[in-house]
Amino acid sequence: MTSGLPVPSQVGHAGISSLIMDPECSQLLPALCSVLADPRQPVADDTCLEKLLDWFKTITEAGSSLLLLQENPCLLGLLCHVLKPQDLSPRVLSFSLRLAGMLAAQEDCFQYLQQGELLPRLFGEAGPLGGAAWTAPSVRSGWIQGLRSLARHPSALCFLADCGAVDTIFSLQGDSSLFVASAAGQLLVHILGLSLQGPAEGHPGLQTGDWPVCAQKIVSHIEESLRSAATPQITQALNVLTTTFGHCHDPWTQVLWGRLSPLVACLLEKDPVPAAHSLVDLLLSVARSPVLSSSSSGLWETLAQTLSHLSPTQAGPLALGILKLQECPQVLRAQAFAVLLQPLTCVLEATAQAPGLLDSLDGTGGASVTVDTLLPSKAACVGLLCRTLAHLELLQPLPQRPSPWPQAPLLGATVTILRLCSGSATPTSDAGGHLCAFLVGCVRVQRAALDFLGTLSQGTGPRELVTQVFAVLLEYLTSPDSSPTVLKKAFQATFRWLQSSPETPGCSDLDPHAHLFLRELLPVLPKRLCSPCWEVRDSGLEFLTQMIGRWGGQAGFRRALLASEVPELTEQLLRDPESYVRASAVAAMGQLSSQGLRVTPASPEHPGGQQKSLLAELLHILSTDSEGFPRRAVMHVFTQWLRDGHADVAGDTERFVARVLQVASQDLDWEVRAQGLELALVFLEQTLGRPSSHCPYAVTPPVAAPPSSLAQALRPLCRVQLFEFAFRALFDCDRPVAQKSCDLLLFLRAQTASYGGPQGSGSVPEVASVEAALQRWQAGDQGQPLGYLEPEVVVAVLRSMDLEGLRGALAESSDRVEKSPQSLLQDVLATVGALGEDEADCY
């Protein structure tokens with residue numbers, strides 16, 4: 001099978017063999033190659049083949065590919081065998097092409113394979129190119145990826161030019177498979193960069209006519225494509241240039257752009273401009289290049305011309321990209337901002353807004369465009385407005401945004417758009433009527449406008465406009481026509497505007513205007529909490545929780561909230577049929593209770609206004625709720641209550657912690673158990689009076705404490721059975737839980753390092769039984785509880801455990817054994833029965 005190929009010399013490879021491949025894998029490799037070369041055998045799936053290629057890549061990067069072939073001639077046999085006429089699986093052929101490219105990436109191995117004419121037969125006209133297998137996209141993709149790996153050295157460039165591979169790559173740019181077409185374009189960029197690494201870098205002034213053959217061929221093909229009348233060919237050329245200038249910042253790119261920029265500029269003379277999206281990507285890639293943007297290549301003039309030639313929809317991304325540039329002429333920035341603002345200018349113009357607002361946007365320097373031209377149809381109108389609002393939302397927080405920022409007209413335009421969508425605007429012109437007809441009830445535009453309105457809360461605006469903002473938000477929050485997603489965004493925007501409202505001097509309460517808005521909003525909130533749509537109930541609860549967290553301690557907000565039905569309705573939602581709503585209700589009730597805002601009115605069931613214990617109700621949810629989200633929410637609330645010293649917890653902290661840990665230890669949701677460990681850590685810190693560091697097991701040496709006082713401090717931890725909970729979690733089947741438990745125990749062991757009790761397990765009789773129980777737990781038998789443990793027993797057990805080793809084991813991938821190369825080879829062979837039953841790695 002290897003006729004014509006010389007035997008590679010072993011000189012210079014002494015001592016490398018052990019780094020190449022394990023003996024066990026070398027023994028399995030011939031059987032693997034036989035299976036892959038046999039068309040009658042069922043082939044391993046793509047995942048196994050990808051893992052095999054990853055393994056071979058690791059081997060070839062760590063050592064000699066030539067030595068790998070020498071020690072494993074079956075690999076060479078496989079590459080030769082796939083060239084025979086046969087019904088071979090496309091995935092095996094693709095695998096072989098990629099493997100050949102990996103091996104030939106090293107020049108000595110490339111020369112060896114060339115002597116036997118193996119590479120031309122694999123990648124040239126005589127190979128898969130002329131066979132039926134070429135119709136499979138996976139084979140074409142494997143051919144491209146093999147060449148990409150192979151093209152690493154000068155010898156490969158001559159090979160590519162001689163075997164006609166470059167022409168094939170040109171044709172694959174238009175492949176029916178998008179993956180193949182994209183890979184072909186990236187390969188051209190790679191070949192161009194490789195061919196110019198030496199000559200053009202050494203001579204920056206070298207012109208394209210003096211470049212290597214491969215580079216000249218690629219550049220000529222790009223020129224031909226740019227002159228083409230076919231848009232797909234233009235797109236391919238532009239994409240190659242975009243990738244080139246995005247990844248290569250060498251001086252030769254300046255020569256390349258100087259040669260091709262006139263052809264790119266000529267595209268602007270066509271009507272319509274072809275491949276506009278790709279043209280925008282190219283020009284922004286050039287503008288971001290440190291080499292090209294600093295040269296006198298007419299780039300800024302080309303960008304200005306492009307802005308004026310493209311349609312508003314096409315020019316928007318270009319305008320945003322120009323405004324995000326760190327360095328750019330001010331005139332071009334003004335032009336780009338004017339293009340970006342054109343749709344909003346049309347909205348203000350069509351609705352006869354205040355002249356001051358319109359003048360502010362018109363003053364950015366853009367040419368006047370009529371509504372009919374800019375927004376000719378509903379689809380165009382909706383799409384353009386959504387994109388414009390999204391672009392402005394991205395631009396607003398950037399330090400390089402235009403200055404002065406037109407905050408007032410942007411607020412006015414956004415409020416107007418929202419009113420057009422809700423139908424509350426009164427058009428005063430035919431253009432305004434068309435806009436209203438296009439936008440009324442349009443959820444897409446409503447969502448985009450509310451997002452941008454929330455972003456605009458970071459700036460200031462005239463009082464009358466801010467009043468309009470709150471008015472339109474209230475309109476959306478009260479409207480029965482608002483969809484659930486629109487309501488959610490309206491709640492989010494409302495909270496952001498309330499957050500940004502100026503506070504009353506001398507206090508941290510809401511300003512009078514925001515407070516008045518809140519008084520109008522709170523009567524609406526109960527209706528949303530009673531909505532038949534669960535998403536609406538959930539959004540209302542999330543908004544309430546945010547509001548309580550921000551203003552729960554302020555008198556004006558407290559009075560308004562307590563005067564409403566909101567607290568009572570929130571408590572009722574703890575029993576909502578939807579688990580997401582129950583979880584949000586738990587979070588809201590936790591906040592209400594923490595702020596002393598939970599009120600149960602007097603009723604026959606609660607004479608005298610007696611409150612039912614919220615703690616008991618949350619414990620009931622933790623114990624009985626069938627869904628994980630509410631139980632997780634309860635654990636978060638309990639942890640926060642313990643951290644803050646909540647009244648229901650402070651009364652009997654030990655009893656509270658013991659009950660919560662007992663329930664959490666039996667929960668099937670790993671996040672509940674992990675949150676239980678977080679609660680245990682808070683209790684541990686409070687009990688010992690020492691907060692843990694960010695990294696629990698990397699603590700500073702603790703201050704020595706008297707043994708008696710440390711033993712006393714540990715007794716509450718023993719009484720709540722914190723150690724039994726932590727030890728069980730240490731052997732949890734879910735790794736995050738075990739890791740968190742390991743961190744907690746390492747922190748505790750570091751805190752007890754100064755304890756002068758027993759130093760070894762042999763000095764405490766109970767320690768041996770505890771260690772035996774832990775061994776059974778580790779083996780999966782966790783039926784027997786540990787019971788109450790004395791502090792000295794806990795300290796001795798902690799000192800005897802290899803927690804650092806366990807931490808290291810938990811940090812490793814859980815499938816590290818199954819991912820081993822030997823296991824992978826065994827699995828592939830086991831699928832075709834090439835191994836005995838005892839040899840299969842069935843994990």
Side-chain angles (χ1 to χ4, degrees), residues 457 466-467 469-471 473-474 477-478 490-530 537-574 581 583-603 606 608-615 617-618 633-634 636-651:
S457 67
V466 175
T467 302
V469 167
F470 282 118
L473 287 172
L474 188 64
L477 292 172
T478 56
F491 275 126
Q492 292 170 344
T494 299
F495 181 71
R496 295 179 71 174
W497 273 95
L498 287 172
Q499 261 191 318
S500 66
S501 60
E503 295 174 347
T504 304
C507 75
S508 58
D509 208 345
L510 287 165
D511 83 307
H513 295 278
H515 185 67
L516 180 62
F517 167 77
L518 195 61
R519 287 178 59 185
E520 295 176 336
L521 172 62
L522 281 174
V524 178
L525 197 54
K527 297 179 182 177
R528 295 308 186 188
L529 296 181
C530 296
R537 301 195 300 274
D538 190 56
S539 298
L541 288 169
E542 288 178 352
F543 174 73
L544 174 64
T545 304
Q546 289 178 312
M547 294 290 290
I548 298 168
R550 177 67 176 83
W551 293 287
Q554 297 172 4
F557 175 78
R558 294 174 67 88
R559 285 194 299 270
L561 186 63
L562 290 172
S564 71
E565 303 174 86
V566 170
E568 184 179 357
L569 289 172
T570 303
E571 188 160 2
Q572 293 175 12
L573 291 175
L574 290 173
V581 177
S584 296
V586 166
M589 286 305 301
Q591 286 276 20
L592 284 168
S593 181
S594 294
Q595 297 289 349
L597 292 168
R598 176 176 177 258
V599 175
T600 302
S603 66
H606 303 285
Q610 294 291 321
Q611 283 193 351
K612 179 184 177 182
S613 169
L614 180 60
L615 175 60
E617 189 152 4
L618 295 184
V634 169
H636 282 285
V637 167
F638 281 167
T639 304
Q640 195 60 44
W641 279 7
L642 180 62
R643 189 176 282 120
D644 297 342
H646 188 280
D648 288 354
V649 173

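Counting from 1, the numbers follow the sequence of the chain as shown. Only a predicted model underlies this, so the values are computations on that prediction, with no experimental measurement involved.
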Query raised in the report: Do P567 and L597 have side-chain heavy atoms sitting under 4.5 Å apart?
Result: no
**Report entry** Contacts of R528 that satisfy salt bridge (Lys or Arg N to Asp or Glu O under 4.0 Å) - sequence neighbours left out
**Finding:** none
Query raised in the report: Going through the distances and angles, do F491 and L525 end up as a side-chain contact (heavy atoms from CB on, under 4.5 Å)?
Result: CA-CA 10 Å; F491 275 126; L525 197 54; 3.9 Å; yes
Query raised in the report: Going from CH2 on W551 to CG on L561, what distance comes out if it is rounded to the nearest 0.5 angstrom?
Result: 13.0 Å
Query - Partner set under side chain to side chain donor-acceptor pair (under 3.5 Å) for D648, not counting sequence neighbours - result: none
Query raised in the report: Residues in side chain to side chain contact (heavy atoms under 4.5 Å, CB included) with P523, at least two apart?
Result: none
**Report entry** salt bridge (Lys or Arg N to Asp or Glu O under 4.0 Å) partners of R519, counting only residues at least two apart
**Finding:** none
Query - Set of residues satisfying side chain to side chain contact (heavy atoms under 4.5 Å, CB included) with respect to L474, sequence neighbours excluded - result: T478, F517, E520, L521
Exercise answer: donor-acceptor pairs, residues 539-546 side-chain atoms, under 3.5 Å, sequence neighbours excluded:
from	atom 1	to	atom 2	distance (Å)
S539	OG	E535	O	3.0
E542	OE1	K488	NZ	2.9
T545	OG1	L541	O	2.9

**Report entry** Stepwise side-chain contact (heavy atoms from CB on, under 4.5 Å) test for F470 and L498
**Finding:** CA-CA 9 Å; F470 282 118; L498 287 172; 3.9 Å; yes
Query raised in the report: Got a second to check how far R550's CZ is from Q499's CD, nearest 0.5 Å?
Result: 6.0 Å
Query raised in the report: Taking all non-hydrogen atoms of both residues, which atom of A633 and which atom of A583 are closest, and how far apart?
Result: CB-O, 3.5 Å
Query raised in the report: Could you give the distance from CG (L529) to NZ (K527), rounded to the nearest 0.5 Å?
Result: 12.5 Å
Which side-chain N or O atoms in residues 589-596 pair as donor and acceptor under 3.5 Å with protein atoms at least two apart or in another chain?
from	atom 1	to	atom 2	distance (Å)
S593	OG	H646	NE2	2.8
S594	OG	G590	O	2.9
S594	OG	W641	NE1	3.2

Query - side chain to side chain donor-acceptor pair (under 3.5 Å) against S564, all qualifying residues, sequence neighbours excluded - result: none
Requested in this report: Any chance you could lay out the side-chain contact (heavy atoms from CB on, under 4.5 Å) test for L614 and L574, step after step, and finish with the verdict?
Outcome: CA-CA 10 Å; L614 180 60; L574 290 173; 4.1 Å; yes
Query raised in the report: Atom CD1 in I548, atom CZ in R558: separation rounded to 0.5 Å?
Result: 10.0 Å
Query - Any side-chain heavy-atom pair of F638 and V649 under 4.5 Å - result: no
Report task. Rounded to the nearest 0.5 Å, what's the gap from CE on M547 to OG1 on T494? Could you check? Result -> 9.0 Å
**Report entry** Set of side chain to side chain contact (heavy atoms under 4.5 Å, CB included) partners for S457, sequence neighbours left out
**Finding:** R496, W497, S500
